[in-house]
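What follows is one structure encoded as structure tokens, with my remarks underneath.
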Amino acid sequence: MNIASDRRFNLRSFLATRRSLALLVLIVGFFIVFSLLFPSTFGTYDNFSLILLNMSAEAPVLMAMAIILISGEIDLSLGAQMVLGGILCGRFMNVSGFSPLLSIIIVLLISLLTGFINGVIISKLKVTAFITTLSTGMIFLGIAVMLAGTGWTNFPLDFTAMGQAKLLGIQMPVFYMLIVVFIMSFLMAKSRFFRQYYYIGGNTKAANLSGIDIDKMKIISFVIAGFLATLAGIITAARYNVTLPNIGTGVELRAVTAAVIGGVSFTGGKGNVQDAALGAVFISCLNNVLAVLKVNQNYQFCITGIVLILAIVLDIKITKKAE
Amino acid sequence: MNTKMKNLMLSNILNFISLRRWTLPLGLIVLYFITFAFIFPDVFLSAYNLTSMLLEFSVPALLTVGMTINLIGGEIDLSLGYATMFSVVFSAYLIVLGVPTIFALLITVIFTLIVGYIVGILVSRVGVNSFIATLGSGMMFFGLGLMIAESGRTLGTINGIDIQHLPNSFSIIGQLKLIKFEGGGAITLPIIYALILIIIFSYLMSNNSTFRKYYYIGINKKAAILSGINVKRMKTIGFVISASLAGFSGVILCARMASGAVGLGVGMEMNAVTAAVIGGVSIKGGSGSVLGAVLGTLFIICLNNGLRIGEVPSEMYKVIQGCVLLIALIIDASFSRRKVVG
Amino acid sequence: MSVISLSVHGIVKHFPGVTALKGVDFDVRAGEVHALCGENGAGKSTLMHILAGVYKQDEGKIFLNGKEISISNQKHANDLGIAIVYQDRSLVDGMNVAENIMAARQPTKRLSIIDKKRLYKETSEILSRLKIDIDPRSMVGTLSPAMQQMVEIAKALSVKPNVLILDEPTATISEKEVGALFNLIDMLKKEGMAIIYISHRLAEIFKIADRVTVFKDGKYVETADTMRVNSDWLVSRMVGRELMFSRIKDRKISDEVVLECKNLTGERFTDVNFKLKKGEIISLAGLVGAGRTEICRAVFGVDRIISGDVFVQGKKVQIKSVADAIDNGIGYLPEDRKEQGLFLEMSIEKNIISASIKKFIRGLGMNERKMLDVSEDFKRKLNIVTPSVLQKVVNLSGGNQQKVVIAKWLLVAPDIILVDEPTRGIDVGAKAEIYTLLRELANKGKSVIIVSSELPEVLSLSDRIYVIYSGKVLAEIDGSEATEEMIIKYASGINN
């Protein structure tokens with residue numbers, strides 16, 4: 001005889017674990033419908049790869065933001081770190097004359113430092129992440145602007161090749177994105193180390209009592225975030241063959257939007273990075289459709305805003321209903 | 001003075017500052033003024049410079065007021081910059097269409113007010129996180145703003161007015177000089193609007209029984225509900241106020257420039273948060289004051305002004321602002337660890 | 001006489017400003033349940049935190065199976081075989097049962113990749129050994145509180161401890177589920193586990209514990225076999241005096257009905273009917289989760305009333321918000337007074353006026369002088385220990401914080417007061433003060449509804465008792481005729 005038993009079918013649990021499926025269905029459905037409606041403009045291989053390409057530059061930032069959100073924090077300096085990465089890389093290549101490989105390595109190493117600064121201020125000095133990263137973002141962006149002048153272009157060929165070469169007719173950044181998303185999804189789902197972020201974001205007090213070193217984990221999360229953002233900046237510079245100080249504007253908020261649509265909870269502990277990526281795919285599709293329909297590009301902002309709010313309202317209603 | 005008395009004095013001073021967190025930005029401003037008055041007496045203290053600073057301060061100050069009310073109540077409004085930008089282009093559009101100034105103002109403010117109300121409902125009744133809700137409404141404002149700006153361009157010239165050249169009948173509400181000084185410089189209407197609204201809201205938030213409820217809500221929402229405070233209504237009002245102030249600021253900004261230029265105002269919400277935090281408002285809610293936040297705004301304006309006069313390269317502005325904010329934060333973090341009278 | 005598993009001697013622990021433990025001894029044997037009692041501040045939790053590895057003692061020794069040990073951190077405590085189930089939830093709602101139970105200890109393959117198969121297998125084994133039948137894949141956030149408590153215990157047991165510490169395990173579960181918990185404890189006892197059981201619920205202690213120890217003010221007082229003593233003994237050791245909470249017989253109650261609910265239905269209760277007369281104290285008795293707090297919250301305007309009517313002083317009223325309730329003369333002291341009744345970072349003064357803000361409006365501002373005077377008045381009347389009413393409430397002791405909440409509602413001066421668990425988290429000494437206060441209010445013509453899970457309290461205070469079961473009023477019993485057995489019977493759903 002059992003001491004306690006609860007095997008009723010749990011609707012909430014069912015729905016909560018099926019968000020990936022819902023998103024996939026939505027996206028696939030979208031593809032099918034619009035491919036049928038506009039076979040020559042929307043439903044082409046080139047267009048599909050364009051949809052993926054458009055989100056590929058910022059995808060590492062999205063991954064970074066998703067992890068930070070899951071751990072219960074936020075990072076508003078990612079755009080600045082992205083810009084700084086591109087600018088520093090450009091400067092090393094064009095001014096200091098380093099090889100692309102060396103430049104990339106140095107810049108990535110520096111990114112560990114910028115992320116570390118964020119992490120230390122937030123966890124050791126106990127300043128809220130929102131305002132900390134707002135201020136460090138200003139500083140990083142300012143430094144980038146100071147170093148940039150008018151920006152650089154005409155990078156060495158082997159550098160731009162990384163961003164512009166095509167494989168199977170699809171540009172390389174898409175593959176980088178797929179690799180990053182795959183790695184981060186795997187780590188966040190299967191690695192015991194990374195799963196700890198769910199505990200930290202879901203129940204900080206309990207995570208503390210379980211012996212998780214929250215300070216260390218938070219610092220690491222911001223270091224990883226900085227690394228990914230900087231990577232995004234390098235890829236962007238390679239793809240466009242130019243570095244400009246305004247490339248990263250608004251990327252953090254776009255990342256939060258995609259993550260929330262993908263089911264990442266703003267308060268932490270819920271959601272996963274692959275769904276966040278699906279959220280970004282969905283947004284990219286929407287924007288692409290607008291372009292194909294030759295609709296005023298400005299509508300995309302309104303539509304994204306509405307989708308964001310709808311997504312979260314739906315979330316709230318579903319969790320309430322199934323109670 | 002022996003050590004005991006010194007410690008007592010120090011303790012009292014620190015208590016005083018913790019109680020009145022606007023002393024920090026005020027102190028910063030005073031320090032700043034003294035420094036720059038010393039280094040650049042002619043330029044800095046000229047009527048022209050001082051009034052320009054006040055003018056520049058008027059719009060951000062109003063946004064900061066709106067942001068602060070929400071922050072104290074435990075929420076945030078990230079749409080303010082976009083709402084301002086929208087109001088600039090929208091009011092310009094209306095003026096080009098021939099709508100009289102007063103109606104253009106009213107329609108714009110009512111529009112932003114309604115959006116603020118919807119956001120308020122989403123946050124207080126549906127339970128959407130204010131960060132996300134205002135992120136969404138901000139995007140809406142931005143998209144709408146861009147579209148109206150485009151339509152404005154295609155409108156062309158009507159009765160000699162186009163969207164970049166607005167008539168005096170409109171621009172006067174943003175440009176009228178009330179007090180003129182010799183050698184340039186004048187107190188213009190926007191400064192007066194800002195001062196009046198700042199005084200009103202500052203008084204209300206610290207003395208009025210209804211507005212003081214924001215502090216209760218920010219500190220413990222559940223206890224506030226159980227104390228009979230209508231939290232839902234208060235939060236909605238918060239977003240209505242911030243949106244309306246943004247709408248109003250946009251119209252005045254447009255009048256000042258006599259042009260419905262796109263891009264004015266974008267990003268200002270982050271400045272508002274920065275200013276509020278420097279002014280002692282906590283992001284978590286429940287503490288700080290409108291006065292402090294406004295002083296924080298003034299400080300940032302002074303800072304930029306001084307940097308410009310000192311011919312510091314503009315690229316360094318952001319770095320300096322970021323550092324100042326960071327230092328303010330760290331100081332604030334160490335203050336809130338002190339247990340003091342509340 | 002079985003073997004002593006864990007013992008401590010002369011434990012001293014200082015915190016800034018207070019010495020929580022002043023040299024205590026304690027031990028627990030394999031296969032026994034040893035209860036630890038004491039008022040708030042007696043030092044029970046501190047000692048448990050030391051055993052769990054959260055704090056380190058300043059002086060004193062700890063022995064495990066006769067060998068002296070030093071516990072460096074939580075993980076070390078687990079490795080040594082000591083596990084604790086805290087009062088606060090340590091689970092993450094967004095993850096499933098298996099991941100919560102094996103938090104940070106998931107079985108892994110190479111490169112610390114989680115081995116999902118082994119994770120679910122080991123979790124299932126733990127759950128089935130404890131005879132808890134839950135799907136390890138279900139999300140914890142979707143389980144009921146009682147199930148979550150079971151998961152908490154399974155989590156503690158998954159480290160295979162020899163010593164299990166339970167801190168107020170029944171605080172949030174209903175009495176039916178307490179039975180399940182006790183079955184589990186019995187099973188563990190038989191397997192030779194040493195169990196330390198902390199609780200304020202004296203009745204439970206006599207049901208489940210073999211020995212009971214009392215701490216008072218950080219000092220060890222006495223230990224006894226539970227078979228040889230009773231609750232009066234326990235209470236007297238805890239407060240140092242005999243306390244008798246006797247029922248006042250033959251109170252004269254007027255016939256005037258101040259509050260009546262007819263067919264009241266809300267989300268957690270249906271068709272509730274009850275009356276409250278002027279000067280009366282009635283209780284809503286029942287198991288945790290029966291819906292009593294929900295009834296109060298609905299009458300107080302916090303939760304929605306789906307159907308039914310509320311009559312105040314004979315007139316039908318619509319209560320759609322807390323402000324409506326207060327305007328109708330209803331006040332509510334919530335169960336968790338600290339979390340739900342106080343604004344910790346605000347001054348005593350601001351807290352006291354927090355529900356009466358309307359009373360101090362002057363023009364566009366507020367009457368600061370009056371606010372201060374009123375607060376000072378309450379400080380004197382209730383004897384709140386503080387240098388000034390401008391002190392932040394967070395700086396006060398627990399007992400004084402309670403007084404601030406009481407002052408807040410005395411200021412509102414409602415005619416009808418709903419009190420939810422009046423003595424939860426209050427030490428035995430202060431209980432008498434609260435009872436006296438409630439009786440005084442009733443004698444002055446106020447009417448009181450008490451929600452309480454402590455039967456002695458219900459019996460000694462109430463003029464009438466309504467027993468609630470599963471959201472329905474099952475019985476109305478006159479105070480003079482009520483017995484514990486009657487109440488428990490109806491509370492468990494037995495209706496004849």
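- For residues 250-261 of chain A, the interface with chain B (any heavy-atom pair closer than 4.5 Å) comprises A:L253, A:V256, A:T257, A:V260, sorted by residue number.
- Residue B:I132 touches chain A through both its backbone and its side chain, counting heavy-atom pairs closer than 4.5 Å.
- Separating the NZ atom in A:K218 from the CD1 atom in A:I68 is a distance of 9.5 Å, to the nearest 0.5 Å.
- Heavy-atom pairs under 4.5 Å with chain B peak, among A:P245, A:G142, A:A148, at A:G142.
- Distance check, rounded to the nearest 0.5 Å: CG of B:L325 to CD1 of B:I330 gives 10.0 Å.
- For A:M55 against A:A280, the heavy-atom pair with the smallest separation is CE-CB, 3.6 Å.
- For chain B, no part of A:L147 is nearby; none of its heavy atoms comes within less than 4.5 Å.
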Would B:S124 and B:V231 count as a side chain to side chain contact (heavy atoms under 4.5 Å, CB included) here? Give the steps.
CA-CA 8 Å; B:S124 62; B:V231 171; over 6 Å; no
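- Judged by distance alone, the side chain of B:Y32 and the main-chain N or O of B:L303 form a donor-acceptor pair under 3.5 Å.
- The backbone N or O of B:G288 lies less than 3.5 Å from a partner atom in the side chain of B:Y215, making a donor-acceptor pair.
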Evaluate the criterion side-chain hydrogen bond (donor to acceptor under 3.5 Å, both in side chains) for residue pair B:S87 and B:T108; output intermediate values, then yes/no.
CA-CA 6 Å; B:S87 308; B:T108 310; over 6 Å; no
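- Note that CZ of A:F140 and OG of A:S135 are 9.0 Å apart. Values are rounded to the nearest 0.5 Å.
- B:Y317 contributes a side-chain N or O that, together with a main-chain N or O of B:R308, makes up a donor-acceptor pair within less than 3.5 Å.
- Each of B:M270, B:Q321, B:K284 has some count of heavy-atom pairs under 4.5 Å with chain A, and the biggest count is that of B:M270.
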Verdict with reasoning, B:T84 to B:F141, per side chain to side chain contact (heavy atoms under 4.5 Å, CB included):
CA-CA 9 Å; B:T84 307; B:F141 273 127; over 6 Å; no
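- Under the side-chain hydrogen bond (donor to acceptor under 3.5 Å, both in side chains) criterion, A:N298 pairs with A:N296, B:E150, sequence neighbours left out.
- Within residues 284-292 of chain A, no residue has any heavy atom closer than 4.5 Å to a heavy atom of chain B.
- If you measure heavy-atom distances from B:L122 to chain A, the contacts under 4.5 Å come from the side chain alone.
- With rounding to the nearest 0.5 Å, the separation of OG1 in A:T128 from CD1 in A:I122 is 9.0 Å.
- Checked against the 6.0 Å centroid criterion, the rings of B:F111 and B:F86 qualify as a close aromatic pair.
- Using modelled atom types and a 3.5 Å distance limit, the side chains of A:Q300 and A:T304 yield no donor-acceptor pair.
- Of all the listed residues (A:I306, A:V313, A:L308, A:T132), the one sharing the greatest number of non-hydrogen pairs under 4.5 Å with chain B is A:L308.
- Heavy atoms of A:I309 lying under 4.5 Å from chain B belong exclusively to its side chain.
- Residues of residues 63-80 of chain B lying within less than 4.5 angstrom of chain A, judged on heavy atoms, are B:I76, B:L78 in numerical order.
- The aromatic rings of B:F131 and A:F266 are tilted relative to each other, their planes meeting at an angle between 30° and 60°.
- Taking SG of B:C302 as the reference point, atom CD of B:E56 lies at 10.0 Å (rounded to 0.5 Å).
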